[in-house]
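First, the structure itself, so that you have it in front of you.
Worth knowing before you read on, the calculation uses all heavy atoms, side chains too, and leaves out hydrogens, waters and symmetry mates. Computed from a prediction, not measured in an experiment: that's the story for all the values here. A, B, ... follow the sequence lines: proteins, then strands. Residue 1 opens every chain.
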Number of protein chains: 2
Amino acid sequence: MKATIRDVAKLANVSISTVSRVLNAPDMVVRSKRERVLEAIAELNYSPNALARGLIHRRTRTLGVLFPDISNLFYSEVLAGMESAAYESDNNLIICNTDNNIDRKRAILKVLDEKQIDGLILTSEPVLPDDQAMIAKLACPVVLAATHSPDYAIASVKVDEEQAAYDAAAYLIGLGHVRIGMISGLADDPISGGPRIRGFIRALEDHGLQSDPERCIEYGSYRFEHSYEAMKKLHAKYPDMTAVFASGDERALAAISYLHENRIRIPEQVSVIGFDNTRMAGMCFPKLTTVAQPLYDIGYLSVVKLLRLINGEPVDDLRTIVPHSIVERDSVAAPGKRI
Amino acid sequence: MKATIRDVAKLANVSISTVSRVLNAPDMVVRSKRERVLEAIAELNYSPNALARGLIHRRTRTLGVLFPDISNLFYSEVLAGMESAAYESDNNLIICNTDNNIDRKRAILKVLDEKQIDGLILTSEPVLPDDQAMIAKLACPVVLAATHSPDYAIASVKVDEEQAAYDAAAYLIGLGHVRIGMISGLADDPISGGPRIRGFIRALEDHGLQSDPERCIEYGSYRFEHSYEAMKKLHAKYPDMTAVFASGDERALAAISYLHENRIRIPEQVSVIGFDNTRMAGMCFPKLTTVAQPLYDIGYLSVVKLLRLINGEPVDDLRTIVPHSIVERDSVAAPGKRI
DNA sequence: GATGAGTTTGAAAAGCTTTTCAGAAAAGAT
DNA sequence: ATCTTTTCTGAAAAGCTTTTCAAACTCATC
């Protein structure tokens, strides 16, 4: 049986108020008593009950985090950043997996609400009207990580997807590539789809290159197998392309696998640039050149922002844009170049 | 301001006991009142406060999980299994990252204890006397996932590392390999070190092969860069080996990178077998043959086991061994074979 | 219409802590 | 030694729910 503050009070022969003060405002209690209390605490291995505390303070120092798929490297790195920020600020994270399932999400949100989380972070998933309704019922602030809501005024932290995609394409173009394909998420995917496609196309158009989506883009989920098939189709319909922009590192790895299997040399014959810069990017062969999202920072900053909102502090901007960058490794080279 | 049970009671014009009963034992309250209460609940968007509930029931339906490094794919898959089991049993997971830091671990355990978690899962890390002391102070059951404690009677779920390593080596031997190297964790690492090394050596000895650790094993952390260096050294001191057993997929990818960069063909010239079967194994080139640990299951079963302990139900065995298997992909072939 | 059994309800305690408020003790001033 | 201030301390309320217990009610039976 865990010791309670009563037990400590009894053992130290003081009132429970005094024990409480020793814990929360030690200077208020006279030294002799304080020491007796401290001894009693040690002897009973007492630790205060956070439930009771939370009940009074109306604060649990616990945040909820929803992921569509935690087993994805992308999210684990975001999570790592969140966990650090939470630890540094004395908060804990309850992690839930939504599986992209609206009913499951609803159930989770209900429980988290009951558990009195101080704030919630939603990761990657688009905010549909349904979500918005559920969020609105919540009694706590919400931050979106690696996604944002154009329609509702919800705080968010993410990169500028369109610009990042533009930069990826522009980078390839700068190296001299003129026939560039893309493996993309579905066009209606508000993160890895739409904006990245627009950025990609815009870059091609700005440089007067072939930019017909029918020809130079293939779509598929982020899953390796789907991306592999997408690469296969893309290569079939655009055989003379010299570079591929894969909207996600997992897609890039699938492209690389396809090229290897068809004995097409990377980057000599075809360059591949990825997106995300997950840890896998440095572990494949050739090492992947990719558009880096600061995944850890996105996680870290979402928690920081959420904490601000919880504390009623001002946040400078509702939608935080974090910088992306291109990490040059070995999967991209100028077209036709021997290495 | 969140509505409380009082507010509901007032609006429905009943006592709070009645509201509570509508929630917990609806049949006890007469229909007319029940409906009035339900309406009030809906109108006020009331949801019961889990802190107050937890205080009474002495149960929070919240479990703590400690990882040494969440951003590792290995752990994210274990985590996915845990999360499923937790969701199915109406529990939540508080995830913490220890960074292998004892002080941090101590701080985390203190907070989790205060938050009245019902149970704790420790992942991968060895249980040192210090840990044991901290665990003993906890008021809740503990399960070790992907690790175990030979010294203390703590429940655990993991594969038989030694046998798995033995099987990996035996598999290579069965294909005709006679000069086999290993990239290992440090010898004193109780998981990816010691047991796997012993299994590996035993397999070699059982078949009368070169098994001098000085010659055929290199050590290093699981980090890619360290493993790359280890592979480099191993290859230097054992240039005629035809197969490598990498104790972990990340190590295997490093080995593969090294071989690619030195234009050594895989598996024609050197076969590589990994360990873990993380998702990366299917995304590299060539696809990695590896000893599969059922990562998801390890996570899932640890939670199931923990729940048993929490409920005071019997567990059949303190140390659960889950089955491993060899997943054959493309990185291993018979020595000298053309593909 | 009274009695009894069974159902339904509300008051109050319990679960553990923090915080307010007022009283007690100590310290200081005269 | 007395009175004021200041410092400490304890009792009690509050935070929200569940649960026990006893009271009130319903309904059937005689």
Among dT18(C), dT9(D), dT18(D), which nucleotide has an atom closest to any side-chain atom of I56(B)?
dT18(D)
Side chain of M28(A): nearest nucleotide among dT18(D), dT9(D), dT18(C)?
dT9(D)
Sub-3.5 Å pairs of nitrogen or oxygen atoms, protein against nucleotides 10-12 of chain C:
unit_1: dG10(C); atom_1: OP2; unit_2: S15(B); atom_2: N; d: 3.1
unit_1: dG10(C); atom_1: OP2; unit_2: S15(B); atom_2: OG; d: 3.0
unit_1: dG10(C); atom_1: OP2; unit_2: T18(B); atom_2: OG1; d: 2.5
unit_1: dG10(C); atom_1: N7; unit_2: R21(B); atom_2: NH2; d: 2.7
unit_1: dG10(C); atom_1: O6; unit_2: R21(B); atom_2: NH1; d: 3.3
unit_1: dA11(C); atom_1: N7; unit_2: S17(B); atom_2: OG; d: 3.3
unit_1: dA11(C); atom_1: N6; unit_2: S17(B); atom_2: OG; d: 3.1

Nearest-Å distance, CG (N24(A)) to P (dT17(C))?
11 Å
Can you tell me if K33(A) and T18(A) form a side-chain donor-acceptor pair at under 3.5 Å?
no
Within this structure, what is the CG-to-P distance between D27(A) and dT6(D), rounded to whole angstrom?
19 Å
dT17(D) phosphate, OP1 or OP2: any side-chain N/O from N49(B) under 4.0 angstrom?
no
Rounded to the nearest Å, what distance is computed from the NZ atom of residue K10(A) to the P atom of nucleotide dC16(C)?
12 Å
Does a side-chain N or O from R53(B) land closer than 4.0 Å to OP1 or OP2 of dT17(D), or not?
no
Gap between atoms CG and C1', on D7(A) and dT17(C) respectively (whole Å)
13 Å
Hey, which sits more toward the 5' end of DNA chain C by its nearest nucleotide, V29(B) or R58(B)?
V29(B)
Would you give the length of the straight line joining atom CD1 of I321(A) to atom NE2 of H148(A), rounded to the nearest 0.5 angstrom?
7.0 Å
Bend angle of the helix from dG1(C)-dC30(D) to dT30(C)-dA1(D), end axes from five pairs each (to 10°)
50°
Please determine, by modelled atom types, if S89(B) and N91(B) share a side-chain donor-acceptor pair under 3.5 angstrom.
yes
Are any of the side-chain heavy atoms of P294(A) and Y300(A) separated by less than 4.5 Å?
no
Step by step, work out the salt bridge (Lys or Arg N to Asp or Glu O under 4.0 Å) result for R104(B) and E83(A).
CA-CA 12 Å; R104(B) 182 157 176 166; E83(A) 209 280 336; 2.7 Å; yes
Please classify the nucleic acid contact of T4(A) as base, sugar-phosphate, or nothing, using heavy-atom distances under 4.0 Å.
sugar-phosphate
Give the rounded distance in Å between these two atoms: CD1 of I5(A) and P of dT17(C).
5 Å
Side-chain atoms of Y46(A) come closest, of dT18(C), dT17(C), dT17(D), to dT17(C)
Would you find more than 12 non-hydrogen atoms of other residues, nucleotides or ligands less than 6.0 Å from R6(A) atom CZ?
no
Keeping the roles fixed (side chain from T123(A), backbone from L66(A)), state whether a donor-acceptor pair exists under 3.5 Å.
yes
Expressed as a whole number of angstroms, how long is the span from R34(A):CZ to dC8(D):P?
9 Å
Please tell me if the side chains of N72(B) and Y222(B) come closer than 4.5 Å, counting only heavy atoms from C-beta onward.
yes
Taking for each residue the nucleotide of DNA chain C bearing the nearest heavy atom, is the 5' side occupied by V30(B) or by L51(B)?
V30(B)
Kindly check if the number of other-residue, nucleotide or ligand heavy atoms within 6.0 Å of NZ (K10(A)) is above 12?
no
Take atom CD1 of I41(A) and atom P of dT17(C), then tell me their distance rounded to the nearest Å.
10 Å
Please check: side-chain N/O of D118(B) versus main-chain N/O of R61(B), any donor-acceptor pairing under 3.5 Å?
yes
Can you tell me how far C1' of dT17(C) sits from CZ of R59(A), to the nearest Å?
18 Å
